[in-house]
Amino acid sequence: MSLHWALICHGLITLTIVVSFLCGQWPIFQGTPISSIHRFLTFGAYQYFLRFIGAVFGDRGTNLILSVEYYCCDRPNPILQLIYLAIIGTTYYIIVKTSFSYIPGYYLSEVHRYASFLAVAVGILLFLVTSFSDPGTVKADNVSRYLSAYPYDNIIYTEKECPTCKIPKPARSKHCSLCNRCVARFDHHCGWMNNCIGERNTRYFLAFLLWHFLLCIYGTIAIGLVLAGRLKELQIVHVLTVYYRVDNSLRSLAPYVVQWLLDAHNTQILLMVFMGVVSLLLAGFFAYHANLCLTNTTTNEVRSV
Ligand SMILES: [Zn+2]
Ligand SMILES: [Zn+2]
């Protein structure tokens, strides 16, 4: 039993570190340990690492690391897009490998083999649409349309020209230094999408968040039902009460059932924990953005006020 708990703790710690590294800068984590871990992983540890490289390899080593950092963090690049595809691909692959042999099962019909594939495909499609759609790039030939869309408030937005694009800056737009373009109703630059989120693709971005939230919930419940089906089909409760003479009450049975699940289906349990945590993150992020939409504000404006 203690080995199982060690495995579960290991899984949870890994999950916390991955979540902190990838999402720790999100506004919902402000002031929490998650953002402190994020700061350490992305800044503190990195500074020590740079010093170490400088001491061992000298300036050439440090410059190489700095140019890699410039490419990864200050230039548009597909690293996070590839990580997203790897995460969704690997998760689905593991689900197929570990759980499809039990579908159809006691609680799940065969349709979930195809429905799950379709759900993942729609998720990837929404990702691609958000990644490769125009966020509302302001150019010389469309600037007049964007100028008339929103009035200047003379608080955050005053009438001025973008020094890089050399065109007037419409109210609510921002010059994205990563993409090197002005974007109308700029929300934020999304590293996961390798694209800005603005006037024209906020709706796809929101659909992406909502869909992936639902996808994680679907995955968690479906695997839960696979495991419940296994318990039923193998008559685990019957075996425990009749052959092992365990009391037929939830309190007495629960530890044995949990132990059996951790023994026979540990991968599925970890998948459920993973998707459960990710669904909570997505719910928070979706709620934050849906609230911005309802109040007609952008992340950029919240940060500017
Ligand atoms: Zn610009
Ligand atoms: Zn951008």
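Atoms within each ligand, like the ligands themselves, are counted from 1 in listed order. If you read the sequence from its start, that first residue is 1, and numbering goes on from there.
Residues N180 and H175 have side chains that bring a donor and an acceptor to within less than 3.5 angstrom of each other. Checked by atom type, the side-chain pair Y102/E233 shows no donor-acceptor distance below 3.5 Å.
Note on C190: not counted as a metal contact of the Zn ion (ligand 2), no N/O/S atom lying under 2.8 Å. For residue C162, an N/O/S atom approaches the Zn ion (ligand 1) to within less than 2.8 Å.
Screening I17, V277, V273 for a side-chain contact (heavy atoms from CB on, under 4.5 Å) involving L12 leaves a single residue, V273.
Rounding to 10 degrees, one finds that the Zn ion (ligand 1) sits at the corner of an angle of 120° between H175 ND1 and C182 SG. Geometry note: the Zn ion (ligand 2) is the vertex, C176 SG and C196 SG are the arms, and the angle is 110° (rounded to 10 degrees).
Taken from CG in D187 to CG in L292, the straight-line distance is 6.5 Å, to the nearest 0.5 Å.
Nearest N, O or S atom of H189 to the Zn ion (ligand 2): atom ND1.
With hydrogens and angles disregarded, no donor-acceptor distance shorter than 3.5 Å links the side chain of R75 to the backbone of Y70.
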